[in-house]
Structures are given as C-alpha cells and as structure tokens.
Amino acid sequence: MEQSLMDKLTILADSAKYDVACTSSGASRAARAGTLGSCYAPGCCHAFTADGRCVSLLKVLMSNCCAFDCSYCVNRKSNDVPRATFSPRELAELTIEFYRRNYIEGLFLSSAVLGTPDYTTERMLSVLRLLRNEYHFGGYIHAKTIPGTSPELIRQMGFLADRLSVNVELPSEQSLHLLAPDKGRHSIFRPMKQISVAGEESKKELTLYRHAPKFAPAGQSTQMIVGASPETDYHILQLSEGMYQKYGLKRVFYSAYIPVSDDTRLPALDTKPPLLREHRLYQADWLLRFYQFRADEILDKDNQNFNPYLDPKCNWAVQHYGLFPVDINRAPFEMLLRVPGIGPKSARRIREARRLSDLGLDELKRMGVVLKRAQYFITCRGFSGAHPGRGSAGRERITRALIDPNVFSAGAEQLSLFAPPAVDRLVEQGVPPRAAQRMVREEAVQCLARAL
C-alpha cells in the first residue's frame, strides 16, 4: 500500500530522534531579494542552545531502509520496524511548506544507508540542490555525511550545507568491529579529515575573493554513543580532545545509549540510559573548549571515570586544593578559569576590571561570580578567604557547597534524571526516594570531605 506524505513524515521523523548532533551555530546568511529564508549565527535548529534558547529545525531522515546492521541502531536492517523513504522532491517541498508556516527555521537531514553510501548521498544532494537552486532557500541546513561516501560527493554537499557531520558512533575500533561491522575507522575519519581540509581552503579563498563559495561555513560535528560499549570516560574524553585538535570540530555530541536491541553484546533492555554520565561528558567537553583544560587533567589512568557527585571542574579543584586560594587581583587568567564559580565571561570581566582598581566581593557579585562556591578558593580586597572551620566539619561545609545540585534536585517522590546509581539501588530495595537521596548525599559529603 502506498504511504502518504504524513505516514512517511511520522516514521522518518521518529527514526531521527536518536541523533543528537543537531545544534547549529557560526553560520550567517542574510536574507536577499529573490530568496526565501535566512540563517543567522545564533543557530537554527530544534534544540536547546548553550544559552538556553530553543530554536526549531526539521529533523528527519531521508530513509530508514538501511543496508547496514549496526546492533545498537533501531534502523538496522535486521530490525522489524516500519520503513519509509522520501523522494527528493517530497522532502524539499515539505521543508519549504514547513518554513512558510513558520514551523521551522532550518533542516537537519540524515539518512540510513539506502543501498550504498554514494546512492544515499546522491539522493540527499538532490534535496539540497532543490532547496538552494530551485526554491532559493537561504535557511540553515545541517547534513549528515554517510561513512564510506566518495570524496567528490562530500565536496558537493559541503558547498550546499552550512554544517556537515560524520558520526563516530562508538569510541574505539574494537567496538565498531563488534557492534557495527559495516563501518570502519577509515570510513569515518577520512571524510572528517576531508571536511577539515576543505573548510580551511575555503577560508583562505574567501580572504582573496569575498564571493568565493563557502564550504560548510558552520564547520563540522560528530556524535558518540555512551554506554553501548565498555570504553571509559577517560578514553572518550581523550578521543574528543584529539578530534578537536586534529579536525577542528565545532562540537562533539554525546548520546546516552537507550537499549533498543535484545543482544548479548549490548546492555540489557531494562538498563537505564546513563544520563548522568552523558551530563558529565558535556561538562568536561565544555572545559576542553572554553576553560583551557586538557583531557589528562580532568581524568587520568588512575581515575578513568567521572565523580558522580561533583562536576569535573569542582572535582579538579578538590584534587588540587593546595593550589588555592588564589588572589583574584593577581592570579593569571588561566587560573581564574579553574576557580569553581567563575566562568569564562566572569574571568574576562575580572581581567579587564582589575586593571583599573582592586576588586572586592561586591564587584565579583556584579560580575556574575557564584560566591557560594568561589569563596573557598579565592581572596580579594577586604576578603582573606572563607574559613569554614577546622577539622571534618569545615571540610564537609566546603563539599556541601560544591556538590552538583542536579544530582539531588528531585522532589519527595520523583528522582532526578541525573540520580547516581547508588540512589537507584536504594530505591529498588524499598527506600523512599527522598530518604535514599539524603542517605547517599550524606555519604558522598563525608567521602569527598576526606579527599580535601
């Protein structure tokens, strides 16, 4: 029976929900006479941006009929799910009609491997050509590059899309061989390298000729699945750091594995997605990109997984408590970034303001410094540092101020999405959620206090 356009949209939009690499930023294209839509640097997508705004994007697959059999993927060829495929014209017209109705601001286009990577990419290119050349669509487009696609097709896609992404999916070659035998390290990192080189060449051409075509002006990103394979947080973070340095990625996205397959190689179907672990990876990723941290400072071979109770920056500060307190009016910028409660924006404000006069607590508050955390790590004009008291009571007072509020933020009968496994285990044993959180929190405070 022939599927309607709505049937296809229902199936293929739902099939795209596991791909989280859809945030956009860095591309600007102003509206021009004779064109439809515009694209601005703050981003056009159906996701939360870094500053908390929510913007809309049509996030859909070209097809969910896949020739690959990746065991972690709901669209794998061996899975019995409803299948659908858009024609290029259908998807282009759908995008334009949604835009005209103000439902979306752009398009995130991905696809399962329909036949071969090249055939799939050619169909995706047909959609982009229709949007850019026939409908003169100037909005944001993020296109997924299929591993194994020929370099020429990737090049063509880069001149039509604002951002490209090649998903790493699994953090090691061993896991790829085990869980995604149709993919390989080379088929993923070769196009990633090509996109990086082409982007740099495009920037150089633009310095010589401002009307030169732009290749993926918003850069590239990737996604890794967390929890489907046994790699540690340290391994994942090192891989992310390497990709940022080698390929100039804009973002690495982390997706907590949601069990979709009853497979002995994967976590059991009743396994909860590791949302707290995903959250910690995003926090650590932020430290790599904006706080001048290195991966081996955040984690190391002796501590290969994140502390569930402290965010990575606070955890580093506790482990290096002997370096504090620092004088806000004298400390180098790099050290200001490492003080809990001080972010990049506040650190820059401090650096500029202290050139004119010494800063005190009132000035720091106005700059946005979170003194509840920072007070135990700084000194400034008229303030010699908070003195929580001597002995274990003082150390516990510090750790209570540093513990991640997201972990213990739930109400009386509802657990936090980021509740640590220890809380879950107590609840499974019949302990009420609030009591379980209180018990685990107190134990965590005492353990962390001993580390100071």
Open item on the list: Tell me whether R251 forms a cation-pi arrangement with F253, defined as NZ or CZ under 6.0 Å from the six-membered ring centre and within 45 degrees of its axis.
Closed with: yes

Task: Exam field: side chain R83 to backbone S63, donor-acceptor pair closer than 3.5 Å - done: no

- [ ] Please check if the side chain of R163 supplies one atom and the backbone of H142 the other of a donor-acceptor pair under 3.5 Å.
- [x] no

Task: salt bridge (charged side-chain N to carboxylate O under 4.0 Å, His left out) assessment of D285 paired with R289 - done: CA-CA 6 Å; D285 186 270; R289 293 190 294 134; 2.8 Å; yes

TODO: State which residue, out of Y291, Y282, W286, F306, fulfils the side-chain contact (heavy atoms from CB on, under 4.5 Å) condition with P312.
DONE: F306

- [ ] For T149 and T121, test the side chains for any donor-to-acceptor distance below 3.5 angstrom and give the result as yes or no.
- [x] yes

Open item on the list: Tell me whether the rings of Y247 and F189 are parallel (<30°), tilted (30 to 60°) or perpendicular (>60°).
Closed with: parallel

TODO: For the pair E241 (side chain) and R294 (backbone), establish whether a donor and an acceptor sit closer than 3.5 Å, ignoring hydrogens and angles.
DONE: no

Open item on the list: Under 6.0 Å from the ring centre and within 45 degrees of the ring axis: does the NZ or CZ of R338 meet both conditions for the six-membered ring of F293?
Closed with: yes

TODO: Kindly assign one of parallel, tilted or perpendicular to the pair Y209 and H211, based on the angle between their ring planes and the thresholds 30° and 60°.
DONE: perpendicular

Task: Aromatic plane relationship, W316 with H320 - under 30° parallel, 30 to 60° tilted, over 60° perpendicular - done: parallel

TODO: Report the residues that fulfil salt bridge (Lys or Arg N to Asp or Glu O under 4.0 Å) with K8, sequence neighbours left out, ordered by chain and then residue number.
DONE: E90

Open item on the list: Quick check on the 6.0 Å ring-centre criterion: do Y257 and Y72 meet it?
Closed with: no

